[in-house]
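Each remark here refers to the structure printed beneath this line.
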Amino acid sequence: MPLALFERAPAKINLTLHILGRRADGWHELESLVVFSRTGDQLALIEGENLSLAIEGPTAPAAGEVADNLVLRAARHFAEAIPDARLGAFHLIKRLPVAAGIGGGSSDAAAALRLLARANGVALDDARLKAAARKTGADVPVCLAARGRMMRGFGDELGPVLKLPPLVALIVNPNEPLETRRVFERMDIAPGARTDFGGHPKLASGMGPEELLAALAKGRNDMEPAACRLAPIIGDVLSILGSAPGAKLARMSGSGATCFALFKDCRSAARARKAILRAHPHWWVKSCVLN
């Protein structure tokens with residue numbers, strides 16, 4: 001029987017997202033603390049089969065054309081970097097919302113690269129694997145290790161993995177897709193311009209929960225105002241999350257429309273989840289742990 005390998009593709013959450021400016025070539029420079037959930041999509045690889053991808057799951061219908069999926073794009077870039085590589089048939093169970101600011105497609109692509117690395121005996125720090133990740137998408141490199149760290153540049157500059165305390169969170173998407181390109185266009189930062197919105201709070205490995213929360217409170221998501229103008233429902237989500245009993249911090253992730261709140265404990269997050277789903281049964285609401 002062909003061997004099946006499995007990988008988790010967790011949600012990527014931007015606890016902070018500072019836009020520093022826009023380079024002359026059009027890329028936006030950022031500084032962001034990125035963490036990952038312990039749940040998300042699931043990807044399997046059947047070794048030795050022809051390269052293919054099958055998608056199922058609750059959010060599969062929104063995943064777009066299979067031929068354009070980042071999983072296949074990552075596999076092709078892996079094969080270009082390692083010409084004698086063995087590929088296979090991928091099976092993706094899609095649970096994360098699409099175009100949601102939580103890096104679902106990038107995390108799927110990173111999971112594909114991890115699977116192919118395992119199947120071909122390639123180390124995760126292999127330069128060829130990292131090159132395939134960069135070629136696949138700006139967020140794929142940070143998703144490759146799926147560990148909390150600072151991300152800078154246009155996503156190409158990764159800081160060391162940070163030892164962060166587990167954070168109890170509630171992630172909410174109002175089922176309104178929002179393209180990153182549209183949010184950047186709405187921000188209207190001219191090429192070569194700097195934003196001067198303010199510096200990033202200092203972060204370090206080994207911070208305790210309260211110390212980390214205090215630092216995060218000094219940060220922000222600079223894409224939030226533009227995203228709220230394009231999708232006003234984001235403001236509603238943030239207001240609901242921010243007023244939930246036990247919520248310590250509410251913020252948008254990435255370019256939206258997904259938002260998150262950090263809670264004092266699992267019980268508070270669970271109560272908020274039930275209340276939000278009662279009032280908004282069609283929203284995507286998940287409680288999880290981030291780090």
Single-linkage hydrophobic cluster, 4.5 Å side-chain cutoff, Leu17 and Leu164 together
no
Closest heavy-atom pair and its distance - Gly101, Ser253:
O-OG, 3.0 Å
Assigning hydrophobic clusters by single linkage (Ile, Leu, Val, Met, Phe, Trp, Tyr; side-chain heavy-atom cutoff under 4.5 Å), is Met252 placed with Ile13?
no
Worked check of side-chain contact (heavy atoms from CB on, under 4.5 Å) between Arg114 and Leu144
CA-CA 7 Å; Arg114 291 195 299 272; Leu144 200 55; 4.2 Å; yes
Group every Ile, Leu, Val, Met, Phe, Trp and Tyr by side-chain heavy-atom contacts under 4.5 Å, then state whether Val140 and Phe90 land in the same group.
yes
For Asp236 and Ser239, test the side chains for any donor-to-acceptor distance below 3.5 angstrom and give the result as yes or no.
no
I need the Ile189 CD1 to Arg22 CZ distance, nearest 0.5 Å.
8.0 Å
So do Val66 and Ile55 actually touch side chain to side chain, heavy atoms under 4.5 Å?
yes
Quick check on the hydrophobic clustering: are Leu216 and Met207 connected, directly or via other members, by side-chain heavy-atom contacts under 4.5 Å?
yes
Which distance, rounded to the nearest 0.5 Å, do you find between the OG1 of Thr180 and the CZ of Arg182?
11.0 Å
Using modelled atom types and a 3.5 Å cut-off, is there a donor and acceptor pairing between side-chain atoms of Asn120 and backbone atoms of Leu116?
yes
Distance only, no hydrogens: is a donor on one side chain within 3.5 Å (strictly under) of an acceptor on the other, for Asn173 and Thr258?
yes
What I'd like to find out is whether the side chain of Asn291 reaches to under 4.5 Å of the side chain of Arg38, using heavy atoms alone.
yes
Check Asp139 with Lys12, please: is the shortest side-chain N to carboxylate O separation under 4.0 Å?
yes
Nearest 0.5 angstrom please: Asp126 CG to Leu124 CG, how far?
9.5 Å
Heavy atoms, side chains only, cut-off 4.5 Å: are Phe263 and Leu249 in contact?
no
Short question: side chain of Ser205, backbone of Lys163 - any donor-acceptor pair under 3.5 Å?
yes
Got Phe78 and Arg128 here, is their nearest side-chain heavy-atom distance under 4.5 Å?
no
Does the distance from a Lys or Arg side-chain N to an Asp or Glu carboxylate O, for Arg267 and Asp265, drop under 4.0 Å?
no
Above 12 or not: heavy atoms from other molecules or residues under 6.0 Å from CZ of Arg118?
yes
Hey, is Glu29 close enough to Arg152 for a salt bridge, meaning N to O under 4.0 Å?
no
Measuring from Ile233:CD1 to Leu178:CG, what's the distance to the nearest 0.5 Å?
11.5 Å
Would you say that Val289 contacts Phe36 through its side chain, given a criterion of any heavy-atom pair below 4.5 Å between the two side chains?
no
Under the salt bridge (charged side-chain N to carboxylate O under 4.0 Å, His left out) rule, what do Glu80 and Arg76 come out as? Steps first, then yes or no, please.
CA-CA 6 Å; Glu80 290 172 4; Arg76 295 186 185 106; over 6 Å; no
Separation between CG (Asn221) and OG1 (Thr16), nearest 0.5 Å, reads 8.5 Å
Is the shortest side-chain N to carboxylate O distance from Lys94 to Asp41 below 4.0 Å?
yes
Do you know the tightest heavy-atom contact between Gly159 and Arg149?
O-NE, 2.9 Å
Verify side-chain contact (heavy atoms from CB on, under 4.5 Å) between Gln42 and Glu7, making sure each step is shown before the conclusion.
CA-CA 6 Å; Gln42 181 174 298; Glu7 276 285 337; over 6 Å; no
Is the shortest distance from a Lys or Arg side-chain nitrogen in Arg220 or Glu224 to a carboxylate oxygen in the other one below 4.0 Å?
no
If only atom types and distance count, is the side chain of Arg95 paired as donor or acceptor with the main-chain N or O of Ala60 below 3.5 Å?
no
Side chains of Glu56 and His91: any donor to acceptor distance under 3.5 Å?
yes
For Leu96 and Gly104 the tightest heavy-atom approach is CD1-CA, 4.1 Å
Measuring only between side-chain heavy atoms, which start at C-beta, is Leu262 closer than 4.5 Å to Val168?
no
Any idea which heavy atoms bring Ala109 and Ala74 closest together, and the distance?
O-CB, 3.7 Å
Hey, mind stepping through Leu158 and Met150 against side-chain contact (heavy atoms from CB on, under 4.5 Å) and telling me if it holds?
CA-CA 6 Å; Leu158 302 180; Met150 290 298 298; over 6 Å; no
Distance-minimising heavy-atom pair for Ala272 and Leu170
CB-CD2, 3.8 Å
Could you see if Leu113 belongs to whatever hydrophobic cluster contains Val34? Use Ile, Leu, Val, Met, Phe, Trp, Tyr and a side-chain cutoff under 4.5 Å.
no
Close side-chain approach of Asn175 and Trp284, heavy atoms under 4.5 Å:
yes
Yes or no on side-chain contact (heavy atoms from CB on, under 4.5 Å) for Thr39 and Lys286, after CA distance, side-chain angles and deciding distance?
CA-CA 9 Å; Thr39 59; Lys286 296 292 180 184; 5.6 Å; no
Looking only at side chains, do His18 and Ser32 share a donor and an acceptor under 3.5 Å apart?
no
Any salt bridge between Arg186 and Asp188, counting N to O under 4.0 Å?
no
Does Leu70 reach the side chain of Thr136, with side-chain heavy atoms less than 4.5 Å apart?
yes
Can any side-chain N or O of Ser243 pair as donor or acceptor with the backbone N or O of Ile240 at less than 3.5 Å?
yes
Sidechain N-carboxylate O distance under 4.0 Å for Asp25, Arg23
yes
What's the shortest heavy-atom distance between Ser37 and Cys288, and which atoms?
CB-SG, 4.1 Å
What's the separation between atom CG in Asn14 and atom CZ in Arg251, rounded to the nearest 0.5 Å?
10.5 Å
